[in-house]
Amino acid sequence: MTMVKRVAAFGAVALAVASLQPVSAAQAADTRIVGGTPAAQSEFPFMVHLSMGCGGALYKKDIVLTAAHCMPGSGSNNRITVTAGVSDLNSSSAIKVKSKKVKVAPGYDGFGKDWALIKLAKPIDKPTLKIATTNRYNRGMFTIAGWGDTREGAGTGTTKMRKATVPFVADRVCKRHYGNRLISKEEICAGWMRGSVDACQGDSGGPMFRKDDKGKWIQVGIVSWGDGCARAGAPGIYTEVSTFADDIARAAASL
Ligand code: 4AZ
């Protein structure tokens with residue numbers, strides 16, 4: 001599991017290696033996150049990029065919800081740069097704010113409970129993403145978005161946000177591949193059984209979301225892990241946000 005829970009390394013070596021890979025017809029087509037398309041500027045205004053190469057979402061104007069496995073641990077932390085308000089990370093209109101404090105999920109040990117909050121040095125004036133507080137939205141089709149790799153092993157990420165649509169996968173189906181590595185109460189699976197569309201390295205911590213009954217975006221998952229990216233029969237695994245909604249609210253109030 002540790003092998004798939006890596007933070008993106010935006011290194012020159014990785015770039016050089018990636019550029020040497022043969023490009024198949026499928027890759028030459030417009031297929032990134034893995035198998036996604038570009039997100040429009042302002043399409044997902046709650047999306048943020050974290051400087052260690054992870055994603056996140058604005059839970060409050062001064063609090064980001066992300067994955068625990070992206071964080072070094074709880075405590076004072078002014079070393080994370082949070083980029084908001086843009087699809088293109090290189091845009092001159094990017095809002096950049098530093099972290100102040102990190103709170104990792106109580107009891108997080110690398111398996112399940114993969115959530116954390118980042119308190120920002122100042123608020124970001126962008127819409128927040130509401131989180132699911134019941135399991136009723138653990139179904140249907142989800143949107144995922146991020147700046148992660150466009151194919152397994154690339155290691156480079158993207159500078160422009162990509163998005164994709166993935167369907168809910170029931171625990172019993174997800175367990176056909178993952179067995180008891182899936183922690184059913186704490187994790188939710190999504191993906192196409194045929195593969196080719198998925199979150200990947202560098203998308204970690206970003207939200208998986210859908211529309212609620214009123215047509216508003218609601219966060220159901222956090223990109224967490226999986227066996228590789230976009231492999232047939234191996235869905236992506238996401239933190240089950242509704243399970244932790246109370247814990248998240250409590251942690252936010254204490255930040
Ligand atoms: C990662 O390495 C990672 N296909 C994130 C998501 C997935 C795999 C790996 C899901 O951060």
Side-chain angles (χ1 to χ4, degrees), residues 1-11 14 17-18 26-27 31-36 47-57 64-72 80 104-105 108 110-116 118 141-158 161-169 171 173-179 181-184 186-209 219-241:
M1 183 154 112
T2 47
M3 59 172 272
V4 293
K5 280 198 172 184
R6 296 151 312 186
V7 167
F10 295 87
V17 171
Q27 286 162 352
T31 52
R32 315 282 172 89
I33 218 184
V34 175
M47 283 289 305
V48 303
H49 176 269
L50 308 181
S51 51
M52 71 282 291
C54 278
V64 168
L65 177 59
T66 185
H69 83 263
C70 291
M71 296 292 109
I80 305 166
V104 168
Y108 173 70
F111 302 91
K113 298 179 181 55
D114 193 9
W115 64 269
I118 304 169
M141 301 292 269
F142 306 119
T143 299
I144 51 175
W147 293 268
D149 286 352
T150 56
R151 63 192 167 76
E152 183 179 332
T156 57
T158 61
M161 196 196 306
R162 315 280 308 182
K163 62 172 178 175
T165 303
V166 283
F168 171 79
V169 173
D171 290 340
V173 175
C174 197
K175 283 193 176 217
R176 286 178 199 156
H177 177 82
Y178 291 102
R181 289 188 293 154
L182 178 72
I183 304 173
S184 305
E186 303 187 358
E187 296 172 325
I188 176 173
C189 303
W192 303 92
M193 280 303 159
R194 67 195 316 172
S196 81
V197 182
D198 199 2
C200 200
Q201 188 183 347
D203 293 316
S204 282
M208 177 172 81
F209 48 100
Q219 183 171 1
V220 171
I222 301 168
V223 177
S224 182
W225 67 286
D227 280 341
C229 307
R231 297 183 191 174
I237 302 186
Y238 299 79
T239 309
E240 191 166 321
V241 164

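One-based numbering, in listed order, for ligands and for the atoms of each.
- Contacts with ligand 1 closer than 4.0 Å are made by no heavy atom of Ala230, backbone or side chain.
- Checked by atom type and distance alone, the side chain of Asp203 never pairs as donor or acceptor with a backbone atom of Ala145 at under 3.5 Å.
- Every N/O-N/O distance between Gly226 and ligand 1 stays at or above 3.5 Å.
- Without hydrogens or angle criteria, Trp225 side chain to Phe111 main chain gives no donor-acceptor distance under 3.5 Å.
- Taking a cut-off of under 4.0 Å to the non-hydrogen atoms of Cys229, the atoms of ligand 1 that pass are 4 (N).
- Using 4.0 Å as the threshold, Gly228 has a heavy atom nearer than that to some atom of ligand 1.
- Under the 3.5 Å distance criterion, the side-chain polar atoms of Tyr178 are left unmatched by any main-chain donor or acceptor of Asp171.
- Note: no N/O pair closer than 3.5 Å links Ser224 and ligand 1 by distance alone.
- The ligand atoms of ligand 1 that sit less than 4.0 angstrom from a heavy atom of Cys200 are 3 (C), 5 (C).
- Atoms of ligand 1 lying under 4.0 Å from any heavy atom of Asp198, numbered from 1 in the order shown and given with element: 4 (N), 10 (C).
- Side chain of Thr239 to main chain of Asp114: a donor-acceptor pair is present (N/O by atom type, distance under 3.5 Å, no hydrogens or angles).
- Annotation for ligand 1: atoms under 4.0 Å from non-hydrogen atoms of Trp225 are 7 (C), 10 (C).
- Under a 3.5 Å cut-off, the side chain of Glu186 and the backbone N or O of Lys113 do form a donor-acceptor pair.
- Listed for the Thr66 side chain is a donor-acceptor partner under 3.5 Å among the backbone atoms of Gly55.
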Test log, rule side chain to side chain contact (heavy atoms under 4.5 Å, CB included), inputs Cys189 and Leu182: CA-CA 9 Å; Cys189 303; Leu182 178 72; 3.5 Å; yes
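- Residue contacts with ligand 1: Val223 is included, with a non-hydrogen atom under 4.0 Å away.
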